[in-house]
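These notes concern the structure reproduced below.
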Amino acid sequence: MESTQESEIAQDFSPFLRIYKDGRVDRIIGAEIVPPSLDPKTNVQSKDVVYSPEINQSVRIYIPKQQNPEKLPLLVYFHGGGFVVETAFSPAYHNYLNLLVGKANVVAVSVDYRRAPEHPVPIPFDDSWTALKWVASHANGNGPEEWLNDFADFGKVFFAGDSAGATLAHQMGIRHGGEKLDGVNVNGIVLIHPYFGGIDPIGSEAENLQGKAMADGVWHFASPKTSGCDDPLFNPVLDPKFASLGCTRVLVCVAEKDYLVDRGRYYYEKLKESGWRGEVEFVETKGEEHVFHLQKPDCEGAVSMLSSIVSFINQDVVVS
């Protein structure tokens, strides 16, 4: 018979996860995984490679089936899920990366990282940087993974992510701006529905305090040692290093009905004003909600947003 402690919920973050009093973590969504494959719809091939045996973490690498003589731009993607759910191997992310790689004709590395609460923030950020250093070890063509050695152009690198993955992508850009990944030129960063916050409500957040409380609560749960909602990891516009973002272009994508829409717009406006020496673009999808493109990749808004991302990646590359 199940004990009372095993069945009693200590913290409920439905529809994402529940924590029971015995410490058990029940991930309601994002637990399903799919294997790498040769996708019949896009002709994109993928495989999983360990980037850190010490923490037993892997990346999923994607390449278009038809290879050009010239090397292809490299996209490093960070999945979302509030730092608590989803993986690089979730069906939604696998399907989206197949679609993105096929349309943009790039090599992609989809990063898996350890998640809270078992591995609280800043561990997901540290794992992501470890993965990037592993990726960068291929810049001279002598890294451990042949696909990156043979097919990736390290002069044309992009970071991207959605929701919490966009938070990671931004922070990896800040860290690259300060520490520099040897042999890597980060041309641009794509932030899709970024999971940013702040103590004071902005814009429509004042009309949806329940949604803000949920977003803030997940942050505090994932980052129990945080200084609060104005922590620069969560509210990047307050970061003294905000203007040192290590790329020349940024694309911010938001959705009109997303409870985080004004955070993305605020980031865009503040980045323009920050003194950062780059170009920032802004795309808003009308009538859609947070990460709608993962659930409805074929809808009009998702197709349009994907087209914007592909165009952003395939613009003439500027060396920073």
Side-chain angles (χ1 to χ4, degrees), residues 11 13 16-17 19 78-85 113-117 119-129 159-179 189-247 250-255 258-276 278 280 282 284 290-291:
Q11 293 178 285
F13 290 101
F16 306 108
L17 80 168
I19 311 298
F78 304 92
H79 72 81
F83 307 109
V84 296
V85 296
Y113 50 84
R114 292 173 292 174
R115 301 166 300 179
H119 304 284
V121 170
I123 289 175
F125 294 84
D126 294 338
D127 288 356
S128 297
W129 185 248
F159 298 163
D162 63 276
S163 194
T167 312
L168 289 167
H170 165 79
Q171 289 297 333
M172 295 306 101
I174 292 291
R175 195 154 179 178
H176 173 63
E179 300 182 33
I189 298 177
V190 180
L191 306 180
I192 305 171
H193 310 164
Y195 177 44
F196 296 145
I199 290 176
D200 298 323
I202 61 172
S204 60
E205 288 179 349
E207 301 166 11
N208 184 14
L209 293 178
Q210 184 176 359
K212 185 179 187 310
M214 171 62 81
D216 293 351
V218 171
W219 168 251
H220 280 277
F221 174 72
S223 184
K225 294 184 179 180
T226 183
S227 60
C229 288
D230 279 342
D231 185 327
L233 292 180
F234 192 46
N235 190 357
V237 302
L238 297 182
D239 188 346
K241 298 178 289 186
F242 186 47
S244 65
L245 195 62
C247 65
V250 171
L251 173 64
V252 182
C253 301
V254 301
D258 183 2
Y259 58 96
L260 294 170
V261 61
D262 289 311
R263 288 292 163 181
R265 185 179 290 109
Y266 185 62
Y267 174 98
Y268 162 73
E269 292 169 350
K270 290 299 181 182
L271 187 59
K272 286 195 299 182
E273 301 168 1
S274 69
W276 170 68
V280 57
F282 184 81
E284 180 173 355
H290 192 62
V291 297

About how many Å separate [atom2] of [Y] and [atom1] of [X], when rounded to the nearest 0.5 Å?
X: Asp258; Y: Glu284; atom1: CG; atom2: CD; answer: 10.0 Å
X: Trp219; Y: Asp216; atom1: CH2; atom2: CG; answer: 11.0 Å
X: Leu251; Y: Leu191; atom1: CG; atom2: CG; answer: 8.0 Å
X: Ser128; Y: Arg114; atom1: OG; atom2: CZ; answer: 10.5 Å
X: Gln171; Y: Lys241; atom1: CD; atom2: NZ; answer: 7.5 Å

Can you tell if the side chain of [X] reaches within under 4.5 Å of the side chain of [Y], non-hydrogen atoms only?
X: His290; Y: Ser163; answer: yes
X: Arg265; Y: Glu269; answer: yes
X: Phe282; Y: Val254; answer: yes
X: Leu245; Y: His170; answer: yes

Item to check | Partner set under side chain to side chain donor-acceptor pair (under 3.5 Å) for Arg115, not counting sequence neighbours | outcome: none

Item to check | side chain to side chain donor-acceptor pair (under 3.5 Å) partners of Asp162, counting only residues at least two apart | outcome: Tyr77, Tyr93

Output side-chain donor-acceptor pairs under 3.5 Å for residues 227-235, partner residues at least two apart or in another chain, one line each.
unit_1, atom_1, unit_2, atom_2, d
Asp230, OD1, Ile199, N, 3.1
Asp230, OD1, Asn235, ND2, 2.8
Asp231, OD1, Leu233, N, 2.9
Asp231, OD2, Thr226, OG1, 2.8

Which heavy atom of [X] sits nearest to which heavy atom of [Y], and what is that distance?
X: Gly161; Y: Ala169; answer: N-CB, 4.2 Å
X: Gly264; Y: Pro194; answer: CA-CG, 4.1 Å
X: Ile19; Y: Pro117; answer: CD1-CG, 3.9 Å
X: Ala206; Y: Pro201; answer: N-CB, 4.0 Å
X: Arg263; Y: Gly197; answer: NH1-O, 3.2 Å
X: Ala243; Y: Ser274; answer: CB-O, 3.5 Å

Checklist entry - Should Leu260 and Phe196 be marked as a side chain to side chain contact (heavy atoms under 4.5 Å, CB included) after you check the CA-CA gap, both sets of side-chain angles, and the distance that decides it? => result CA-CA 7 Å; Leu260 294 170; Phe196 296 145; over 6 Å; no

Strictly under 6.0 Å, is that where the ring centroids of [X] and [Y] end up?
X: Phe125; Y: Phe78; result: no
X: His79; Y: Tyr113; result: yes
X: Phe242; Y: Tyr267; result: yes

Next on the checklist: Between Lys270 and Glu273, does any side-chain N to carboxylate O distance fall below 4.0 Å?
Outcome noted: yes

Item to check | Basic-acidic side-chain contact under 4.0 Å: Asp200, Lys212 | outcome: no

Checklist entry - Are any side-chain N or O atoms of Trp276 and backbone N or O atoms of Cys247, one a donor and one an acceptor, separated by less than 3.5 Å? => result yes

Checklist entry - Counting distance only, does the side-chain N/O of Thr167 pair as donor-acceptor with the main-chain N or O of Tyr195 below 3.5 Å? => result yes

Checklist entry - What do the steps show when you test Tyr259 against Met214 for side chain to side chain contact (heavy atoms under 4.5 Å, CB included), and what is the final call? => result CA-CA 10 Å; Tyr259 58 96; Met214 171 62 81; 6.0 Å; no

Next on the checklist: side chain to side chain contact (heavy atoms under 4.5 Å, CB included), that's the test. Do Phe83 and Phe221 meet it? Break it down for me.
Outcome noted: CA-CA 10 Å; Phe83 307 109; Phe221 174 72; over 6 Å; no

